[in-house]
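Because the structure is a prediction, the values reported are computed rather than measured. Here is how names work: the chains are called A, B, and so on, in the same order as the sequence lines, proteins then strands, and each is numbered from 1.
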Amino acid sequence: MAVNDYSLIIIALLPFIGALIPGVMIRAGRNACAFFTAAPTALSLTMLLLLAPSVMDGQVITAELPWLPQIGLSAAFFLDGLGLMFATMILGVGLLITLYARFYLSGDNPMGQFYTFLLLFQGAMLGIVLSDNILLLLIFWELTSLSSFLLIGYWKHLPEGRQGARMALAVTGSGGLAMIAGMLILGDIVGSYNLTDILAAGETIQASDWYLPALILILIGAFTKSAQFPFHFWLPHAMAAPTPVSAYLHSATMVKAGVFLMARMWPALAGTEAWFYIVTTTGFVTMVLGALIALFKDDLKALLAYSTVSHLGLLTMLLGFGTPMAAVAAVFHTINHLTFKAALFMTAGIVDHEAHTRDIKRLGGLRTLMPVTFAIGMLAALSMAGIPLLNGFLSKEMMLEEASHTSWAGSHLAVPVLATLGALLSVAYSFRFIAHVFLGPVRDDYAHEPHDPSPGLWSAPALLVVLVVVIGIMPSVAEPVVRVAAGAVTGGILPEFHLKLWHGITPALFMSVIAVLGGAALLAAHRPLDRAWIALPRPEAKAMFDRMIGGAAGVAARITQLTHDGAMSRYLAIFVASATVLGYIAWSGGGLPAPTRAPLPVPPVVAVGWVLLLVATGSVVLMHRDRFRALIVIGVIGLTISVGFVYLSAPDLALTQISVETVTIMLLLLALHYMPKVSPIESSVGRRIRDGAIALAAGGGVGALAYMFLLRDIPTISDYHIANSYEGGGGTNVVNVILVDFRGYDTYGEIIVLGIAGLIIYAVMEALLSGPAARKLRNTDYSRDRSRDRHPLMMVIATRVMMPIAVLVGVYIFLRGHNEPGGGFVAGLVVSIALLMQYMASGFAWTQSRQQIEYHSMIGWGVVIASLTGAGAWLAGKPFLTSGYDYFHFPPIEEFELATAMLFDLGVFLTVLGAVMLMLYSLSRIARYAGETVNREPMDYDPSALVRFAREED
Amino acid sequence: MEFIVASSVGTLTAAGIYLILRLRAFSTILGLALLSYAVNVFLFASGRLAIDLPPILSPYGDASYTDPLPQALVLTAIVISFGMTAVLVMVALGAYLESDDDRIDLPQAPDEDDKTDGEAAQ
């Protein structure tokens, strides 16, 4: 039965929202920071527990918000027994870790950052266990990889921390990629990405041909996350993280995500032979191998890390069995492992914190020095060993019981024997944890005199140990949770079971006894065994991993060197040549319909213009080394094209082209002043022939393409614009109406780009003038390039006279733009040319000191005015940039039109003017560094001025 | 007329491409300027050619007009290509002033940094 409750979405999002808080609250002190980290977690947990009673009654709570329904992605969450159990674990342990970390981290660690990472991670984990959509689940899955990377690498100054974090990210991240593929296949088989649908379609999935690839890919994801052999090696290296992170990631969360996923997918994937052999075998090997390595680790956290690997193997194995009872055992052991392992990690952290070492060989005898820690650590370790009256015993019994009647590849002995071996090794390392750290004589060479820490540090593990004991003595308290969670795993079919302490004399009991006795014996013989282990050659996973990564990086570097050798002209040649070839292939593949348009006649004057254009273009190519001349000829080409636009019914384009042309050439001339005036001959004849061939092929292709489509008609959407220009946009110049109305948003983006270009140029100039370039400019002699008559009388006078006329033309072009050729773009360019003429005539500094406008703010105002005009449409309840217009009539003047589009065009005008002027301003600033003198008079020789000034100028 | 426009576009493209394949920044800038002429005219021509039919609505009954949409697109394209040329010029100028060289290709000698990186990765 599904119940809709949107509080579920809030529960899932609270940690993410809360992640914003610690960074701010850290200013209020570490306690406040910890408190405000705990608050969202506690709130989330409370809301979760409010939902718990209905889940325990067997209801499933769902909440869904559509996100991208086109690809089957929705923010769908659901809460069933399994989700409830995991979510409670994640949030509950999260709270304890918050408390523990407050006292564990010293003052010089950035605590706000830590809590932010912690909450991000917590949110990602919570998202995994609550997702009802596998695509959403994948997103959260990747988020755990990323946020755990931040947590593991939290101590950025430690190389181990950084390497461990990288390794964890590489392994779990690539597993995640495999899982994405697997999940997509799964979704494709079922036809839905909804988890509920997928879980109900187990038979369809298992009958599909794609079952095995999907299974393997998904399992790779789960195995990497849960550190299963052969991906187990990242987990011990992740121990470089601060202990609170290890306690959280490696007991309750990160590594359990893989187990959770296998449990979640159990109804859909489990029960087949492939599942049994892959999952069980992997679990097996991991369990035994992890336990064996753990026994010989001297670092407390490494010991616990490998024991975690081993217990994860155990859980995997149980899920691999595929029987409902094994699932019950797995669920129960998940809870138990969480309680004792989190407590053990925290204990290890306390020992490290107090004794300043985690090396078992340098510890021992802490029993009397740290009695509280000893009690906590001992109970937790005994539970890990599976000693009666503690919760670890119960689930281990259940595991052994299940193992005792499982056969593997026809052998009835393999599973029970190996399970017992795993249990035996587990007992051995648990005992070692107690014996070599706490028991034995008190030493006199501790790195630091150990004693029990403040309750702030030990209260969190103490609480967990209380749970260990309570569940251990009264397993019935955990029974409802296990029942509802296991029910969710198996999809409802559960055998009759009761969690109890005494099951009678069963094979499992014998196996348990063997394990405990054997483990104790192994510990007694630890010293010689340890020596033998150290002498034994063992494969070093980290070295292998590093070699692999190094190899991959080497291959990548070689490919990069091969293809990206820094020769820009080579890239361009390859790009153009392949584009031409692709174009040719596309053309040769399709047919060509017959021409539908008759060619227009060519009057003689056009033919003359054409010849002019061809000759000018040829000249640019032939004399491009002589840079000044080439630039002037380029100007000729631009002007010819403007004339062409006029002839071909595009007056707006002609106006724009001609004004842009002027500004561009001025800009290039200014820049050329500081650059070499000739290009040397560098490329060989062969290379020039090659480039020429490429250029001719590409140019010929483009020309042929243009010719082909010019003779044929295509359907166009332009009729709509012509029909609605006057009615909808209030203007008769359709091009301008398109710019400010139909496609106003494009223009809006475009002026912003232009403004940014202006600012970039300004910024580059600023950077240049504060670097070595400034020194070079000062020390280069540019005087040879300068005219002796820099500010001629005629030019000064002429520009002064033209200034008001040019501005008037600009205003006129602007005002009529909506109905006749013109508009903001052209007007901005015309006015900027009017200003530029003044700069050219009397020098930059002289002119600049006589005007008050800041070009930066002009760009800003332009964009602001355009934005406000656009937003004004909202007030009228219309979409952004919808324009309004009306006609006004004041008696002396003719009737005229005012449109909001004009205000928008004003924004365009200001931005264009500001950007162009800022660009020129930037280049001129460079001139000042290059030794340009500032003239005090507007012109070099001013006959009307006093002779005294004239002399000084000379 | 169509042939005139198409051949002009082709010529400008060929010249532009030849120039961007040269080795100096200034030639490349000239080449890009030619290429932007070519592209602008090409885009404009995609509205097909028309003489004496500007897209300015006539108040006197039904008249035919040339396609206004490519014109609007090309108008902004001209302005933007000016902005981009300006940025490029500034970057080229900066590169020349800082490195005393306006070549666009990196020197082909093996880079010291790459070597040490490669060794560290081994």
Among the options [options], pick out the one with the most heavy-atom pairs lying under 4.5 Å from chain B.
| options | answer |
| --- | --- |
| A:Tyr726, A:Tyr647, A:Tyr571 | A:Tyr647 |
| A:Arg690, A:Met765, A:Arg570, A:Arg712 | A:Arg712 |
| A:Gly618, A:Ala671, A:Pro676 | A:Pro676 |
| A:Val620, A:Ile760, A:Val663 | A:Val663 |
| A:Leu600, A:Val602, A:Val734 | A:Leu600 |
| A:Glu820, A:Arg625, A:Arg688 | A:Arg688 |

Spatial distance of atom [atom1] ([X]) from atom [atom2] ([Y]) [nearest 0.5 Å]:
| X | Y | atom1 | atom2 | answer |
| --- | --- | --- | --- | --- |
| B:Leu69 | A:Ile717 | CG | CD1 | 5.0 Å |
| A:Thr617 | B:Leu34 | OG1 | CG | 6.5 Å |
| B:Arg24 | A:Arg627 | CZ | CZ | 7.0 Å |
| B:Leu75 | A:Leu653 | CG | CG | 5.5 Å |
| A:Ser922 | B:Met90 | OG | CE | 5.5 Å |
| A:Leu668 | B:Leu88 | CG | CG | 9.5 Å |

Which region of [X], side chain (C-beta onward) or backbone (N, CA, C, O), has a non-hydrogen atom less than 4.5 Å from a non-hydrogen atom of chain B, or is it both or neither?
| X | value |
| --- | --- |
| A:Val576 | side chain |
| A:Pro772 | both |
| A:Ala650 | both |
| A:Leu670 | neither |
| A:Phe825 | side chain |
| A:Thr664 | both |
| A:Leu777 | side chain |
| A:Asn819 | backbone |
| A:Met919 | side chain |
| A:Leu655 | neither |

Between [options], the one whose heavy-atom pairs under 4.5 Å with chain A are most numerous:
| options | value |
| --- | --- |
| B:Val5, B:Leu19, B:Ile29 | B:Leu19 |
| B:Phe26, B:Phe3, B:Phe42 | B:Phe26 |
| B:Thr28, B:Val41, B:Leu12 | B:Leu12 |
| B:Gly94, B:Ala50, B:Ser99 | B:Ala50 |
| B:Val91, B:Leu93, B:Thr66, B:Val89 | B:Leu93 |
| B:Ser8, B:Gly31, B:Ala92, B:Ala86 | B:Ala86 |

Taking side-chain hydrogen bond (donor to acceptor under 3.5 Å, both in side chains) as the cut-off, I'd like each qualifying pair that reaches into residues 36-52 of chain B, sequence neighbours left out, listed once. A:Glu661-B:Tyr37
Can you name the closest pair of heavy atoms from [X] and [Y] and give their distance?
| X | Y | result |
| --- | --- | --- |
| A:Ser569 | B:Ile104 | N-CD1, 4.2 Å |
| A:Pro599 | B:Glu2 | CA-OE1, 3.3 Å |
| A:Ile634 | B:Ala33 | CD1-CB, 4.4 Å |
| B:Pro55 | A:Val735 | CG-CG2, 3.6 Å |
| B:Ala45 | A:Leu710 | O-CD2, 3.4 Å |
| B:Leu30 | A:Ala630 | CD1-CB, 3.7 Å |

Main-chain N/O of [Y] paired with [X] side-chain donor or acceptor, under 3.5 Å:
| X | Y | result |
| --- | --- | --- |
| B:Gln71 | A:Ser649 | yes |
| A:Arg597 | B:Leu49 | yes |
| B:Asp67 | A:Ser718 | no |

Side chain to side chain contact (heavy atoms under 4.5 Å, CB included) for B:Met1 and A:Val606? Distances and angles first, verdict last. CA-CA 8 Å; B:Met1 194 69 215; A:Val606 173; 3.6 Å; yes
Name the region of B:Arg103, side chain, backbone, both or neither, that has any atom closer than 4.5 Å to a heavy atom of chain A. side chain
Begin from the C-alpha positions of A:Glu682 and B:Asp105 and carry the test side chain to side chain contact (heavy atoms under 4.5 Å, CB included) through to its verdict. CA-CA 12 Å; A:Glu682 283 171 319; B:Asp105 290 354; over 6 Å; no
Show me, pair by pair, the donor-acceptor contacts under 3.5 angstrom made by side chains of residues 76-84 of chain B, not counting sequence neighbours?
residue	atom	partner	partner atom	Å
B:Thr76	OG1	A:Glu750	OE2	3.4
B:Thr76	OG1	B:Ala72	O	3.4
B:Thr76	OG1	B:Leu73	O	2.8
B:Ser81	OG	B:Ala77	O	3.0
B:Ser81	OG	B:Ile78	O	2.9

